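First up is the structure itself, then whatever we jot down about it.
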Amino acid sequence: MTSVCVVDAAVVTAFGDGLDPLWDGLLAGRSAIAPLHRFAVDRYQSQLAACVPELSSAAGESRIVPLLERLLAQLGPVPADCRVLTATTKGGIDSLEKLRRGEVCQADAVLPGDLPARVAVRMELADSGLNINAACASSTLALARGAAQIAAGAAEAVLVVGIDLVSEFVFSGFSSLQALSVAASRPFDAQRSGLTLGEGGAALLLMNEERARRDGRSVLGRVLGWGSANDANHITAPARDGCGLVDAVGRALAKAGLSADAVAAVSAHGTGTVYNDAMELTAFGRIFGGRRLPVNSVKGALGHTLGAAGAIEVVLGLRSLAERQLPPTVGLIEPEEAGRGLVAAVSQGFAGDCLLSTNSGFGGVNAALVLGGAPC
């Protein structure tokens, strides 16, 4: 199988622009979750979110536009023949809010399908692109699709962009579901009570090894395997036995030609909801048996960035492999019983070259990526 290399990456989160402030903030145990002032929240279950600082849009413009620009501005050159894959759950949904209030705005931005065209124009690419919307596994599946295209020889380079906003449309929906935590979320904690929303984006440029060498690109890491599965359990609730996630991880490991013993650490979805976190820990128990390996979630620091979560977590996963260090699970006080010896409120070192990154979402979707570190 053709090797899939990550040769460039960019990230914007509530910690700011770039990977360094994000990484440093996580290692310091800081949280970017704060009171939300973007819209009135007095009627909702929570008053907290993790918003990108100084994210303002021009009149009639969605906030997705400046967020996308801040993200893509960090990238180096992207080859003109590069394929484009975007991932978002709601794209410029704040434009719909403006339309409903009778304000003038760019109506095209409401549709997620507008996003790949914006990326292609901004980066001067010929490909018209495709957006993948698969709930909170969107960008994980976009990365899987990009890796599969390269592995199959259908593309030499693929740019994957995951991005989502904190909007009243989404915030009110999660509040209606009673899924939000009143306080900042506490992934894998025994007293967790819900998620906290966040926003941000990540972009990763994938190439096959030959193209990366020909273009003189440094390799940040590799996508070794990918898998997805649907547990078909419920529109919002995961199967409690973790069957969908177990299947997705099994497929990813099989694609990579590895056993579960090769995984040195896990970047988990870890939303802070009662059922998601319990499902994940059950699945990891089935996958790894009694082996205790480092597991973390970054959503207690970044909030849940929805369709962008997987891409952001892959960027962090590659840094974790480079540093042999998994950031702490911010917000964790007392681990769930099944998570003891796995999750920690401090950073965890590990030895090994493979990291598992997983995401799950509404509709029963589960996705997994096996990441490998950069060559020595």
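Keep in mind that what you see is a predicted model, and the values were worked out from it rather than measured.
- E334 places no side-chain N or O within 3.5 Å of a backbone atom of A190 that could act as its donor or acceptor partner.
- A heavy-atom distance below 4.5 Å is found between the side chains of V263 and L253.
- With contacts defined as side-chain heavy-atom distances shorter than 4.5 Å, the pair F350/P294 qualifies.
- For residues 278-310, the set of pairs meeting the ring pair (Phe, Tyr, Trp, His ring centres under 6.0 Å) definition, not counting sequence neighbours, comprises H269-H304.
- Using a 4.5 Å heavy-atom threshold, the side chains of L75 and L72 count as touching.
- Side chain of S139 to main chain of A311: a donor-acceptor pair is present (N/O by atom type, distance under 3.5 Å, no hydrogens or angles).
- G200 and L67 get closest at one heavy-atom pair: O-CD2, 4.0 Å.
- Closest approach of V160 and A142 over heavy atoms only: CG1-CB, 3.7 Å.
- Side-chain atoms of T13 and V11, non-hydrogen and from C-beta on, do get closer than 4.5 Å to each other.
- Across C51 and R38, no two heavy atoms sit closer than the pair CB-NH2, 3.8 Å.
- When hydrophobic side chains of Ile, Leu, Val, Met, Phe, Trp and Tyr are connected at separations under 4.5 Å, V121 ends up as a singleton with no cluster partners.
- In this structure, R101 places its CZ atom where more than 12 heavy-atom neighbours from other residues, nucleotides or ligands lie under 6.0 Å away.
- When atom types are taken as modelled, the side chain of S185 and the backbone of P187 share no donor-acceptor pair closer than 3.5 angstrom.
- In this structure a side-chain-to-backbone donor-acceptor pair under 3.5 Å is present from S320 to L316.
- Residues E313 and T140 have side chains not in contact (no heavy-atom distance under 4.5 Å, counting atoms from C-beta outward).
- The salt bridge (charged side-chain N to carboxylate O under 4.0 Å, His left out) pairs that include a residue from residues 120-138 are E69-R122, where partners are two or more places apart or lie in different chains.
- Hydrophobic cluster membership is shared by L143 and V158, with clusters built from Ile, Leu, Val, Met, Phe, Trp and Tyr side chains linked at under 4.5 angstrom.
- Within the structure, salt bridge (charged side-chain N to carboxylate O under 4.0 Å, His left out) contacts touching residues 43-68 (residues at least two apart or in different chains) are R43-E168.
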Working for side-chain hydrogen bond (donor to acceptor under 3.5 Å, both in side chains), residues Q325 and S347 = CA-CA 7 Å; Q325 186 173 200; S347 61; 3.0 Å; yes

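- S62 contributes no side-chain N or O that, together with a main-chain N or O of V65, makes up a donor-acceptor pair within less than 3.5 Å.
- A side-chain N or O of S360 and one of N366 form a donor-acceptor pair less than 3.5 Å apart.
- Every residue meeting the ring-ring contact (aromatic ring centres under 6.0 Å, His included) condition with F362, not counting sequence neighbours, appears here in chain and number order: F174.
- In this structure S46 satisfies the side chain to side chain donor-acceptor pair (under 3.5 Å) test with no other residue, sequence neighbours excluded.
- Heavy-atom contacts from other residues, nucleotides or ligands closer than 6.0 Å to CD of E210 number 12 or fewer.
- Taking each heavy atom of G113 and P116 in turn, the nearest pair found is O-CD, 3.3 Å.
- For residues 216-244, the pairs satisfying salt bridge (charged side-chain N to carboxylate O under 4.0 Å, His left out) are E209-R222, with sequence neighbours left out.
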Considering only distance and modelled atom types, tabulate donor-acceptor pairs under 3.5 Å from the side chains of residues 76-86, sequence neighbours left out.
from	atom 1	to	atom 2	distance (Å)
D81	OD1	R211	NH2	3.1
D81	OD2	R211	NH1	3.0
R83	NH2	A154	O	3.1
T86	OG1	N131	OD1	2.7

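- If you take CD1 on I64 and CG on L165, they are separated by 4.0 Å, rounding to the nearest 0.5 Å.
- Considering only residues two or more places apart in sequence or on other chains, D247 meets the salt bridge (Lys or Arg N to Asp or Glu O under 4.0 Å) condition with R251.
- Counting only residues at least two apart or in different chains, salt bridge (charged side-chain N to carboxylate O under 4.0 Å, His left out) contacts with residues 275-286 comprise R192-D277.
- Counting Ile, Leu, Val, Met, Phe, Trp and Tyr side chains that sit under 4.5 Å apart, directly or through other members, V274 shares a hydrophobic cluster with Y275.
- The CG atom of D189 sits 9.0 Å away from atom CD of E336, with the distance rounded to the nearest 0.5 Å.
- Atom CD1 of residue I163 and atom CZ of residue R118 lie 10.5 Å apart, to the nearest 0.5 angstrom.
- Here the side chain of S357 pairs no donor or acceptor atom with the backbone of L369 at under 3.5 angstrom.
- Under the 3.5 Å distance criterion, the side-chain polar atoms of T329 are matched with a main-chain donor or acceptor of S297.
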May I have the step-by-step check of side-chain contact (heavy atoms from CB on, under 4.5 Å) for V7 and L220, ending in yes or no?
-> CA-CA 6 Å; V7 300; L220 304 177; 6.0 Å; no

Identify all side-chain donor-acceptor contacts of residues 18-36 below 3.5 Å with residues at least two apart in sequence or on another chain.
from	atom 1	to	atom 2	distance (Å)
D20	OD1	R319	NH2	3.1
S31	OG	I33	N	3.1
S31	OG	G300	O	3.1

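- Atom CZ of F39 has more than 12 neighbouring heavy atoms from other residues, nucleotides or ligands inside a 6.0 Å radius.
- Here the CZ atom belonging to R291 is positioned 5.5 Å from the CG atom belonging to D261, to the nearest 0.5 angstrom.
- Checking side-chain atoms of Q348 against main-chain N and O of A345 turns up no donor-acceptor pair under 3.5 Å.
- Using a 4.5 Å heavy-atom cutoff, the side chains of D17 and Q74 are in contact.
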Take L245 and M279, measure what side-chain contact (heavy atoms from CB on, under 4.5 Å) needs, and give me the verdict at the end.
-> CA-CA 9 Å; L245 185 55; M279 177 279 288; 4.0 Å; yes

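- Nearest heavy atoms, W226 versus A144: CB-CB, 3.7 Å.
- Between L180 atom CG and S193 atom OG the span is 10.0 Å, to the nearest 0.5 Å.
- For the atom pair CG (D8) and CG (L204), the distance works out to 8.5 Å, reported to the nearest 0.5 Å.
- For the pair N208 (side chain) and G153 (backbone), a donor-acceptor distance under 3.5 Å is absent.
- Within the 4.5 Å cutoff, no side-chain heavy atoms of V6 are placed close to those of V315.
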Walk me through it: do N133 and T88 pass the test side-chain contact (heavy atoms from CB on, under 4.5 Å)?
-> CA-CA 6 Å; N133 186 335; T88 185; 5.9 Å; no

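- Closest non-hydrogen pair, P238 versus N233, comes out as O-ND2, 3.3 Å.
- In this structure, the side chains of V4 and M207 stay at 4.5 Å or more apart for every pair of heavy atoms.
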Step by step, would you call C354 with L258 a side-chain contact (heavy atoms from CB on, under 4.5 Å)?
-> CA-CA 10 Å; C354 295; L258 298 170; 3.7 Å; yes

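- Formation of a donor-acceptor pair under 3.5 Å by the D164 side chain with backbone atoms of L306 is not found in this model.
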